[in-house]
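Proteins get letters first, then strands, A, B, ... in listed order; numbering begins at 1 in each.
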Protein chains: 2
Amino acid sequence: MKEIANKAGVSVSTVSLVLNGRDEGRVKSEIADNVRAIATKLGYRSNPLASSLRTGKTHILGFISEEVATTPYAGGMILGAQTAASQFGYMLITVSTDGENSESEEIAALKRYGTDGFLYAKMSNRITHAPSSLAKTPLVLVDATDSLGKIPSVEPDEFQIGYDATTRLVKAGCARIAYVGCSEPMIAQDGRLEGYQAALRDACLDYDDRLVVNVLNNGPALTAVSDLFDAEHPDGFFCFNDARAWYVYECAARRGLTVGKDISVIGVDNHRVFAETLEPMLTTVELPHFEMGYWAVAKLVSIIEGRSMDDVSRPATTAPLPPIDAPIPAKIHCTLIEKASVK
Amino acid sequence: MKEIANKAGVSVSTVSLVLNGRDEGRVKSEIADNVRAIATKLGYRSNPLASSLRTGKTHILGFISEEVATTPYAGGMILGAQTAASQFGYMLITVSTDGENSESEEIAALKRYGTDGFLYAKMSNRITHAPSSLAKTPLVLVDATDSLGKIPSVEPDEFQIGYDATTRLVKAGCARIAYVGCSEPMIAQDGRLEGYQAALRDACLDYDDRLVVNVLNNGPALTAVSDLFDAEHPDGFFCFNDARAWYVYECAARRGLTVGKDISVIGVDNHRVFAETLEPMLTTVELPHFEMGYWAVAKLVSIIEGRSMDDVSRPATTAPLPPIDAPIPAKIHCTLIEKASVK
DNA sequence: GTGAAAGCGCTAACAG
DNA sequence: CTGTTAGCGCTTTCAC
């Protein structure tokens with residue numbers, strides 16, 4: 001910077017002003033242009049550390065997630081977050097906290113590096129109590145719902161997922177549509193079940209709770225789905241996730257039924273691997289992980305910089321996205337991507 | 001720091017010396033102790049940015065991976081890397097580069113933040129040509145093999161994986177052991193096939209290439225495995241990964257065969273989701289992702305700081321780990337974890 | 001043994 | 001409109 005000040009015959013302060021775009025009406029435009037030209041010629045890159053030291057702003061965002069280690073699709077969220085971050089001139093530091101203990105440590109470490117704000121992400125939408133150490137910093141929850149409803153969050157529209165998936169099965173000609181849900185209490189579970197019921201209602205089909213089975217995994221899950229097959233003979237299955245869809249596949253295979261012909265299956269893709277392996281047999285609903293990550297960062301940046309971000313170009317997506325300065329907590333809708341015909 | 005210098009009645013330089021452990025024979029021990037006491041009482045935390053500005057060392061490591069977004073188990077590696085990083089007093093910045101284009105940009109961004117060194121990770125061991133922009137910085141490859149054999153790397157022992165898995169099937173009483181491999185050229189594929197062959201040889205079983213089928217995925221993979229079933233009637237399967245094991249499951253289910261009774265299946269766990277869903281039916285070999293991440297960082301730190309790290313405590317692991325200053329490229333072995341009996 | 005002073009690269013008052 | 005100056009918090013010679 002000193003070097004370019006020399007070459008341009010101005011002082012470093014002028015260079016600083018120009019390079020930070022704060023030269024409007026302060027520096028003669030021709031000299032500003034000259035400075036910029038020399039800067040690019042010299043391949044000047046600002047030293048973010050030095051400016052951080054002075055300004056207190058690091059342009060570093062902390063992305064905290066408990067479960068990066070265990071879920072495959074956290075990656076999409078991170079990628080979206082990273083895309084937005086680099087677009088807005090920020091750097092993303094991702095920390096996966098294994099248990100409760102390491103979490104506060106990691107947060108402390110990040111804070112010492114002067115993180116401007118935090119993303120706090122969950123692997124599936126649930127009521128979340130953000131760590132108190134994050135209370136005083138800009139914070140956005142991702143795929144999580146604040147227990148107090150005060151912290152901005154970006155979440156999928158679970159009701160819509162259930163509604164869209166069920167409607168899709170109806171349109172495929174299914175009359176006895178089962179819901180293979182999750183037996184753990186989750187926002188997603190409730191929302192999707194409601195969506196399922198609403199879709200049935202709108203299709204003038206009766207809701208029958210014998211067609212709903214909530215399972216966990218492994219043997220018991222397989223048994224439960226197996227029983228459902230034998231007792232109710234459903235012709236369509238809306239599955240909480242692709243792992244649960246697998247149980248349906250397994251049961252169908254054992255009975256000589258072909259998915260896509262004898263029965264229809266649609267599942268929410270949580271694992272990618274299943275969806276890829278079963279493709280093109282399984283129709284999946286994809287959660288907008290990338291978009292959630294992207295919008296969470298966009299929102300966070302808007303909070304940090306105290307400005308609306310209408311001028312920012314948006315990521316390519318089929319999801320209906322709200323304006324970035326939508327009321328808090330902001331929600332985004334979910335994309336329904338059809339990977340293959342179901343019947 | 002100024003504050004604690006005041007309270008202790010010494011100058012900031014003294015405080016700096018003490019807090020950096022560089023007081024040996026320079027600062028009177030009682031005054032040093034006093035400084036340390038005051039520092040902890042005040043809850044002093046050094047400002048890493050400020051010291052970086054002076055020293056040029058940021059204690060930031062860049063973890064570059066193309067595929068964090070698509071693989072579930074990258075998380076284990078990242079977690080291991082993060083664990084080691086925080087243990088050694090470093091911060092890890094993970095960037096997932098989507099395509100080639102963003103990679104150099106992300107690297108440039110990291111470098112501007114003064115990254116001390118880089119980890120370059122792949123999702124599966126393959127010959128890798130590290131980006132030239134990384135040539136001048138400390139660099140360690142993770143789950144990848146340098147095309148020139150010059151860059152240190154941490155890799156699983158693929159031969160051992162094939163050998164151990166096959167031996168396990170032999171011990172379970174299998175006589176016709178199939179290998180369901182990968183039709184893409186990969187280091188892992190070759191190594192595992194050799195291990196498979198060596199294990200058969202040691203068990204006095206003939207190698208028969210009709211029992212080897214290399215597949216990709218989806219329908220063609222399922223068909224190939226199906227043909228293998230009908231033509232060769234294997235009683236044991238060593239699968240390249242758990243996704244490929246699924247094809248065996250599907251074929252078995254269609255034929256009324258029960259895994260763990262009629263046939264034995266062992267697969268390398270690449271996806272976690274499958275392993276969890278099929279548990280306790282599938283016996284899996286787990287790749288030492290955590291350990292790879294951990295050791296890669298340990299190695300990188302030893303390069304950066306120019307010292308051997310024998311004194312560092314090691315992570316709990318069942319894998320035989322080499323000393324951290326082992327000849328380059330360092331290799332680590334793989335853990336064979338038995339999740340359930342196979343027969 | 002300890003302190004004073006310079007400076008890492010940059011920004012922001014405040015003069016001019 | 002532009003330059004001078006004074007730091008951000010820390011490390012590191014170099015005197016004392």
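Taking atom CG of residue B:Asn47 and atom P of nucleotide D:dT11, one finds them 9 Å apart after rounding to whole Å. Whole-Å rounding puts the B:Asp23 CG to D:dT12 C1' distance at 16 Å. The CG-P distance, from A:Leu53 to C:dG7, rounds to 17 Å in whole Å. Atom-to-atom, CD of A:Glu24 to P of D:dC1 comes out at 10 Å; the value is rounded to the nearest Å. Following rounding to the nearest Å, A:Lys2 (NZ) and C:dT11 (P) show an atom-to-atom distance of 14 Å. Here the C1' atom of nucleotide D:dT11 and the CG atom of B:Leu49 are 15 Å apart, to the nearest Å. Rounded to an integer number of Å, the gap from A:Arg26 CZ to C:dG16 P is 17 Å. The separation between B:His59 atom NE2 and D:dT11 atom P is 10 Å, rounded to whole Å.
Note on B:Arg22: a side-chain N or O is less than 4.0 Å away from OP1 or OP2 of D:dT12. Under 4.0 angstrom from either OP1 or OP2 of C:dG9 there lies no side-chain N or O belonging to A:Tyr44.
You'll find the side chain of A:Val301 reaches within 4.5 Å of the side chain of A:Leu61, heavy atoms only. Contact annotation: the side chain of A:Glu103 never approaches that of A:Glu106 to less than 4.5 Å [non-hydrogen atoms, C-beta and beyond]. Looking only at side-chain heavy atoms (C-beta outward), B:Val27 and B:Val10 stay at 4.5 Å or farther from each other. Using a 4.5 Å heavy-atom cutoff, the side chains of B:Ile31 and B:Asp23 are not in contact. For the pair A:Phe118/A:Tyr120, no side-chain contact is recorded, criterion being any heavy-atom separation below 4.5 Å from C-beta on.
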side-chain contact (heavy atoms from CB on, under 4.5 Å) assessment of B:Ser52 paired with B:His59:
CA-CA 8 Å; B:Ser52 300; B:His59 281 212; over 6 Å; no
Can you check side-chain contact (heavy atoms from CB on, under 4.5 Å) on B:Phe63 and B:Val297, steps first, answer last?
CA-CA 9 Å; B:Phe63 185 103; B:Val297 164; 5.8 Å; no
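Nearer to the 5' terminus of DNA chain C, by closest-nucleotide assignment, is the contact made by B:Ser29 (compared with the other of B:Thr55 and B:Ser29).
Nucleic acid contact for A:Ile31: sugar-phosphate only, since backbone atoms but no base atoms lie under 4.0 Å from a heavy atom of the residue. Across all strands, A:Gly25 comes closer than 4.0 Å only to sugar-phosphate atoms, never to a base (heavy-atom distances). Residue A:Ser46 is in sugar-phosphate contact alone, with no base atom involved, counting any heavy-atom pair closer than 4.0 Å across all strands shown.
Near DNA chain C, meaning a heavy atom under 4.0 Å from it, residues 5-21 of chain B has B:Gly9, B:Val10, B:Ser11, B:Ser13, B:Thr14 in order of number.
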